[in-house]
Amino acid sequence: MKLKIAILAGDGIGPEVTEATQKVLRDAKVEIDWEVHHAGLEVVKLTGNPLPPSVVEAVRKNRIALKGPVTTPIGKGFRSVNVTLRQTLDLYANVRPIRSLPNVELRFDVDMVIVRENTEGLYAGLELMIMPGVAQSIKLTTEVASTNIAEFAFRYAAQNGRKRVTIVHKANIMKISDGLALDCARRVGEKHKEIELREMIVDAAAMTMVRDPNRLGVLVTENLYGDILSDLGAGLVGGLGIVPGANIGDSCAVFEAVHGSAPDIAGKGFANPTALIQSAVMMLRHLGENVAAQNIETALTDVYREGNVRTRDLAGTASTDDFAAAISRKLAS
Ligand code: NAI
């Protein structure tokens, strides 16, 4: 049966990496009926709204979307499409596996997962100018969201053979908001005795990620810390071109890379599509398409292991299309 999936290519390098990912899915013989939608910069020019309600409804209806990055203006302009989509569809869990690939030179092999609360905290961007020269950001933390994300992290750990969940917080300073999230994680941990719960302050977690990331297992944390630590994680495994992600709710899921629209390299045809291809692998597993997911993952790993075709971010010369074609050749062999 054909899968029905909404696709938002995004902007910047989005269309390039999305096209490469669709090619790989096609060559893996996954039958998909794509429903194409647009959001972001171009859409705001045309409609005045970067995320028209029809796009949100399309994702809700299809329940699954593959998404390229969308640019968010800095310090002015429209609200992030990503934040709006995640909040509106209650995609409360952002899952980002940080895993090394063969032949990418690293200080050590990394295998950890970041589970980021995706709907509240400072990242929700609730802020105001109280008076000239004084701005305030509101860090909203709720028991419901903190409990849901902790439950998700423990469930994920159990389903993926992980023995440890580390709750990352700053409850020594934000005793009330991070203190609430920490208490929720402790309560959830009580119900999952088979999995060890560790607690770590976010600054120590950043240091641990650089020295001994695998100690953390499944790292669960609030929105902004998760945002920052996942780019740190990407740096550990070769950069933003590599790390995939999934925004998961109870009724829909949106799969996208950790990276943004990379305006510095957009339109040049040499962005690394690995992160979005790996996001598509997560999507296939989510849909129970385990054979196709494994085939793509094996083909991608083989391309890295052989090391002849790699994009410029990893000191290679391959274009985005060359890289996708190398995976397709593996799939056909
Ligand atoms: P970025 O992730 O777009 O780029 C950071 C650096 O990594 C750049 O040097 C870029 O060339 C490189 N890079 C990123 N992805 C790459 C890939 N696939 N292959 C090779 N190199 C890659 O982060 P930046 O520059 O901070 O953000 C640009 C825009 O993207 C902003 O408007 C931001 O709001 C947006 N953004 C959107 C996201 C989304 O839609 N999910 C996530 C993160 C940022």
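When a ligand or atom number is given, it counts from 1 through the structure's own listing order.
Among Pro273, Pro97, Pro244, the one residue that satisfies the side-chain contact (heavy atoms from CB on, under 4.5 Å) test with Gln278 is Pro244.
No donor-acceptor pair closer than 3.5 Å links the side chain of Glu306 to the backbone N or O of Val309. Listed for the Gln136 side chain is no donor-acceptor partner under 3.5 Å among the backbone atoms of Ile138. Within the 3.5 Å criterion, the main-chain N or O of Arg164 finds no donor-acceptor partner in the side chain of Glu196.
Within 4.0 Å of ligand 1, heavy atoms belong to protein residues Ile13, Lys67, Pro69, Val70, Thr71, Thr72, Asn82, Leu240, Gly241, Glu256, Val258, His259, Gly260, Ser261, Ala262, Pro263, Asp264, Ile265, Ala271, Asn272, Asp313.
Using a 4.0 Å cut-off between a side-chain N of Lys or Arg and a carboxylate O of Asp or Glu, Lys23 and Asp321 do not qualify as a salt bridge.
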### Message
Checking Asp313 against Thr311 for the side-chain hydrogen bond (donor to acceptor under 3.5 Å, both in side chains) test, could you report, in this order, the C-alpha distance in whole Å, the side-chain angles of both residues, the deciding distance, and whether it holds?
### Response
CA-CA 6 Å; Asp313 53 321; Thr311 44; 2.6 Å; yes

